[in-house]
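Remarks on the structure that follows.
To find a chain, count down the sequence lines: A is the first, B the second, and so on, and within it residues start at 1.
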Number of protein chains: 2
Amino acid sequence: MTTAPKTEKRSRIQRKNRKLILEAALDVFSAHGYRGSTLDQIAEQSGLSKPNILYYFQGKEAIYQHLLANILASWLEPLEAIDRDGDAVEEIIAYVQTKLALSQQHPRQSRLFANEILQGARRISQQSKDELKVLVEATAEKIRAWIEAGRLASVDPYHLLFSIWASTQHYADFESQITMILGQETLGNAQVGALDEQTFEQAHAFLDMQFRRLLTP
Amino acid sequence: MTTAPKTEKRSRIQRKNRKLILEAALDVFSAHGYRGSTLDQIAEQSGLSKPNILYYFQGKEAIYQHLLANILASWLEPLEAIDRDGDAVEEIIAYVQTKLALSQQHPRQSRLFANEILQGARRISQQSKDELKVLVEATAEKIRAWIEAGRLASVDPYHLLFSIWASTQHYADFESQITMILGQETLGNAQVGALDEQTFEQAHAFLDMQFRRLLTP
DNA sequence: GTCTATAGTTAGATAGAC
DNA sequence: GTCTATCTAACTATAGAC
């Protein structure tokens, strides 16, 4: 029994199958959590056999770690994009909208991440945690500078970030509850489980207003 | 093999053991999710043997359902307490503070519930879902009336509730991330995992300001 | 690269003695 | 009411043929 090549050049079929596996695994892990997911489910979802999946990845944990690392990276990216030389309120509002758009376009990633945090972030490496902390610290510093310059209302930078994360990610993580409450009278749409466009437009408008009122000096 | 009495009178020892089991199960389920939890863990945590646990409850699912039903009830309670004849802004602010206090005092319940929603609310009965929907609908109606009376700024009632739930529950559900970011330089405290008093005071102040600014007409 | 077969664990639940 | 022993099913992972 051989194993797939690591970082060296991968064939077309290898790239395709790895992609199939990761896509299927994202479906399964985000819906059932790590322990609730099985290789059988990932195999069925991807159309590959179980041993074949273990040919491409070292095991269940390796697939999960791969997804988690990617999600962490895309989670940090928009934070870095905040421009300390830009208009303070507009920079924050833009960040809120970016995060909300991520919840709309990548709800499975958000849910996998939420699951991981909820259960104590056991599978996130100390290095990743340190990176997160440093980046958040730098962002808090940008916010503090804006406040001292009188360009932003005086708020605690950390709790501002918590509030933004919570209220934007909520639309992905608590999607099943939102659907439960708003009902889905939209019978026209194929009910695949995602929230409809209109809900996100309303969320967009609401959060814009909420954070604008909070932050305008 | 016999089974424990259902609703009829239970002995002291029965009440005590059921309580032990539920307390242990809350620890375990909130930390690992449904599928990630085992009867062995609940047995060890409660100090009872596995068969003994199955003497008191019909199975793993029954224990979970019992906890979930209680959590749902305590989740709905503060919503009903909102008084349509009270001061609009103060009523909402009081609700926010109540929800935040619940996150502080009962973080495990919040996390068990979040886990359940995150994974699609599969184990919540249709009846409970309907009850939730009706109660939220009634609350939205109270908020709409306040807005029409000019006592509250014009906001979407549903998205207001989503924002409140998200930003208060965040302190329980994402506790591990908050700890990660705020660090715990508080070496004096026995680090059992919970956020310290100071963090909740800051959250209290922040959310008070956020929703006051949003809602004051 | 992909498959069938299976080893090795772990988990939920039950039987039956005490 | 509580325990030891055990059954059965599910799951990760590996062996080895093709």
Side-chain angles (χ1 to χ4, degrees), chain A residues 1-25 27-29 31-68 119 122-123, chain B residues 1-29 31-68 115 119 122-123:
Chain A
M1 193 206 66
T2 40
T3 44
K6 279 200 116 45
T7 2
E8 307 86 53
K9 43 191 164 194
R10 292 180 180 123
S11 67
R12 265 188 319 287
I13 190 167
Q14 279 179 344
R15 281 197 300 274
K16 177 177 148 249
N17 280 346
R18 282 179 62 94
K19 223 179 154 180
L20 274 175
I21 293 166
L22 289 171
E23 176 65 21
D27 264 1
V28 175
F29 282 130
H32 304 97
Y34 181 79
R35 283 284 305 272
S37 302
T38 69
L39 287 177
D40 272 317
Q41 290 172 298
I42 298 172
E44 189 182 11
Q45 187 77 14
S46 66
L48 300 176
S49 72
K50 196 159 48 165
N52 205 9
I53 285 174
L54 293 169
Y55 169 77
Y56 286 101
F57 288 91
Q58 290 205 332
K60 180 182 173 180
E61 171 100 19
I63 304 174
Y64 184 81
Q65 287 291 348
H66 192 100
L67 288 170
L68 188 58
Q119 301 189 8
R122 287 182 202 72
R123 281 175 243 271
Chain B
M1 191 207 66
T2 40
T3 45
K6 278 201 115 44
T7 1
E8 308 87 54
K9 43 189 166 195
R10 291 181 181 126
S11 67
R12 266 188 318 287
I13 191 166
Q14 280 178 347
R15 282 196 300 274
K16 177 178 148 249
N17 279 346
R18 281 178 62 93
K19 225 179 152 182
L20 274 176
I21 293 167
L22 289 170
E23 177 64 21
L26 180 56
D27 263 3
V28 175
F29 283 130
H32 305 96
Y34 182 79
R35 286 282 306 270
S37 302
T38 70
L39 287 178
D40 274 316
Q41 290 173 297
I42 297 172
E44 188 182 12
Q45 187 77 14
S46 66
L48 301 176
S49 71
K50 193 158 55 166
N52 205 10
I53 285 175
L54 293 169
Y55 169 78
Y56 286 102
F57 289 90
Q58 291 204 333
K60 178 181 174 180
E61 171 101 19
I63 304 174
Y64 184 81
Q65 287 291 349
H66 192 100
L67 288 171
L68 188 57
N115 241 308
Q119 301 189 9
R122 286 182 202 75
R123 282 175 244 270

Requested in this report: Could you list by number each residue of residues 35-48 of chain A showing a heavy-atom separation from DNA chain C of less than 4.0 Å, or answer none if no residue does?
Outcome: none
Report task. Can you establish whether the number of heavy atoms outside B:R12 located under 6.0 Å from its atom CZ is more than 12? Result -> no
Requested in this report: Please check the phosphate of C:dT2 (OP1 and OP2 only) for any side-chain N or O of A:S49 closer than 4.0 Å.
Outcome: no
Report task. Ignoring backbone atoms, establish whether A:Y55 has a side-chain N or O less than 4.0 Å from OP1 or OP2 of C:dG1. Result -> yes
Query raised in the report: By salt bridge (charged side-chain N to carboxylate O under 4.0 Å, His left out), which residues pair with A:K50, not counting sequence neighbours?
Result: A:D40
Output the rounded distance in Å from [atom1] ([X]) to [atom2] ([N]).
X	N	atom1	atom2	value
B:I53	D:dT2	CD1	P	11 Å
B:K16	D:dG1	NZ	C1'	12 Å
A:L54	D:dA15	CG	P	12 Å

Report task. Mind telling me whether B:Y34 and B:F29 have parallel, tilted or perpendicular rings, with 30° and 60° as the class edges? Result -> parallel
Report task. Give A:F57 one of three labels, base, sugar-phosphate or nothing, depending on what nucleic acid heavy atoms sit under 4.0 Å from its own. Result -> nothing
Report summary line: Considering only heavy side-chain atoms of B:K60, the closest of D:dC3, D:dG1, C:dA13 is C:dA13
Enumerate the protein-to-nucleotides 7-9 of chain C contacts in which both atoms are nitrogen or oxygen and the separation is below 3.5 Å.
none

Requested in this report: Go through the side-chain N and O atoms of A:Q65 and A:E61 and say whether any donor and acceptor fall under 3.5 Å apart.
Outcome: yes
